[in-house]
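The next block holds one structure in the form of C-alpha cells; read it before the comments.
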Amino acid sequence: METTLVILKPSAILHGYAGQIINRFQQKGLVIHGIKMMQLSDELLREHYAHLVDRPFFPDLMKSMQASPVIVMALWGKDAVEVVRMMTGATNGRKALPGTIRGDFSMSGQENIVHASDSLENAEIELRRFFKPEEILHYEPTFLNYTYEPAELL
Ligand code: IDP
Ligand code: MG
C-alpha cells in the first residue's frame with residue numbers, strides 16, 4: 001500500500017467543491033489517513049513548487065495558492081500515487097480528460113483544483129512537508145475485503 005499527498009487548492013475551496021472532490025477519492029476506495037485545513041506560507045510554497053520558481057507565472061501561482069486556506073490530505077491505497085494522479089488528470093483543465101477531477105471541474109492551467117504527488121518518492125517528501133508524523137493516522141477500514149482481492153492485500 002502507498003500513501004500520497006493531495007491538496008485541494010483555493011480554486012476548489014472557493015468554489016465550494018471540497019466535498020465533491022473528497023467524495024470521489026472515497027468512492028474510489030482510497031482511505032483518508034490525514035486531513036487538515038491550512039493557509040500556505042511563502043516558505044512552504046517556494047519549497048513545494050521549487051521546480052517552478054523561475055517560471056514567469058510563479059508570482060501568480062503563489063497568489064493563487066494563497067487565495068484561501070487549502071485542505072491537505074494523506075490518501076492511502078494500493079498504488080495510491082498513480083491512481084490519484086490518473087484521477088487528477090492533465091495539468092491544464094482544458095486538456096484534462098472528462099471524468100478526471102481537473103477535466104470535470106477546471107478550465108485553467110493554474111486554477112486546476114487539486115495537487116497530487118507525482119511519484120512515490122515525492123509523495124514521501126510532500127507528506128513530510130505538509131504533515132507532522134502524528135497527524136497521519138494509519139487504520140484499515142472493514143470494507144477493505146470488498147475493495148481488494150486477497151492477493152492485493154498482502
Ligand atoms: P501538476 O500539478 O500537474 O503536477 P506541475 O507542472 O507540477 O503540474 O505544476 C504545478 C502547478 O503549477 C500546476 O498544478 C498549476 O497550478 C501551475 N502551473 C503549471 N504550469 C503552469 C502554466 O503554464 N501556467 C500557469 N500555471 C501553471
Ligand atoms: Mg507537479
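We count ligands from 1, going down the list as the structure has it; atoms in each ligand are counted the same way.
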**Message:** Can you name the atoms of ligand 1, numbered from 1 with element, that are less than 4.0 Å from a heavy atom of Asn112?
**Reply:** 13 (C), 14 (O), 15 (C), 16 (O)
**Asked** Hey, does the side chain of Ser64 reach the backbone of Asp60 with a donor-acceptor pair shorter than 3.5 angstrom?
**Response** no
Residues 18-27 side chain polar contacts: donor-acceptor under 3.5 Å, at least two apart:
residue, atom, partner, partner atom, Å
Arg24, NH1, Gly99, O, 3.3
Arg24, NH1, Asp104, OD2, 3.4
Arg24, NH2, Asp104, OD2, 2.8

**Request:** Could you tell me which atoms of ligand 1, counted from 1 in the order shown, lie closer than 4.0 angstrom to a heavy atom of Lys9?
**Result:** 13 (C), 14 (O), 15 (C), 16 (O)
**Request:** Sequence neighbours left out, what pairs pass salt bridge (charged side-chain N to carboxylate O under 4.0 Å, His left out) with at least one residue falling in residues 133-154?
**Result:** Lys36-Glu135
**Request:** Identify, for atom 23 (O) of ligand 1, the protein heavy atom at the shortest distance, and state residue, atom and that distance.
**Result:** Phe57 CE2, 3.5 Å
**Asked** What's the verdict on side-chain contact (heavy atoms from CB on, under 4.5 Å) for Arg102 and Thr88, showing C-alpha distance, side-chain angles and the deciding distance?
**Response** CA-CA 6 Å; Arg102 288 167 171 169; Thr88 298; 3.5 Å; yes
**Request:** Compute the minimum heavy-atom distance from Leu52 to ligand 1 and say whether it is under 4.0 Å.
**Result:** yes
**Heavy-atom proximity to atom 1 (P) of ligand 1, best of Thr91, Ile7, Thr88** = Thr91
**Asked** What protein heavy atom is closest to atom 15 (C) of ligand 1, reported as residue, atom name and distance in Å?
**Response** Gly109 O, 3.2 Å
**Asked** Within less than 4.0 angstrom of ligand 1, does Arg102 place any heavy atom?
**Response** yes
**Asked** Any chance OH of Tyr139 has more than 12 other-residue heavy atoms, nucleotides or ligands included, within less than 6.0 Å?
**Response** yes
**Fill in**
On a heavy-atom basis, the closest approach of Ser108 and Arg94 is CA-NH1, 4.0 Å
**Prompt:** Quick one: does His51 get a heavy atom under 4.0 Å from ligand 1?
**Reply:** yes
**Item:** Element-labelled atoms of ligand 1 that are located less than 4.0 Å from some non-hydrogen atom of Gln110
**Value:** 16 (O), 25 (C), 26 (N)
**Item:** Side-chain donor or acceptor of Tyr49 paired with backbone N/O of Leu61 under 3.5 Å
**Value:** no
**Heavy atom of the protein closest to atom 17 (C) of ligand 1 (residue, atom name, distance)** = Leu61 CD1, 3.7 Å
**atom 4 (O) of ligand 1 - nearest protein heavy atom and its distance** = Arg85 NH1, 2.9 Å
**Asked** Can any side-chain N or O of Arg85 pair as donor or acceptor with the backbone N or O of Ala116 at less than 3.5 Å?
**Response** yes
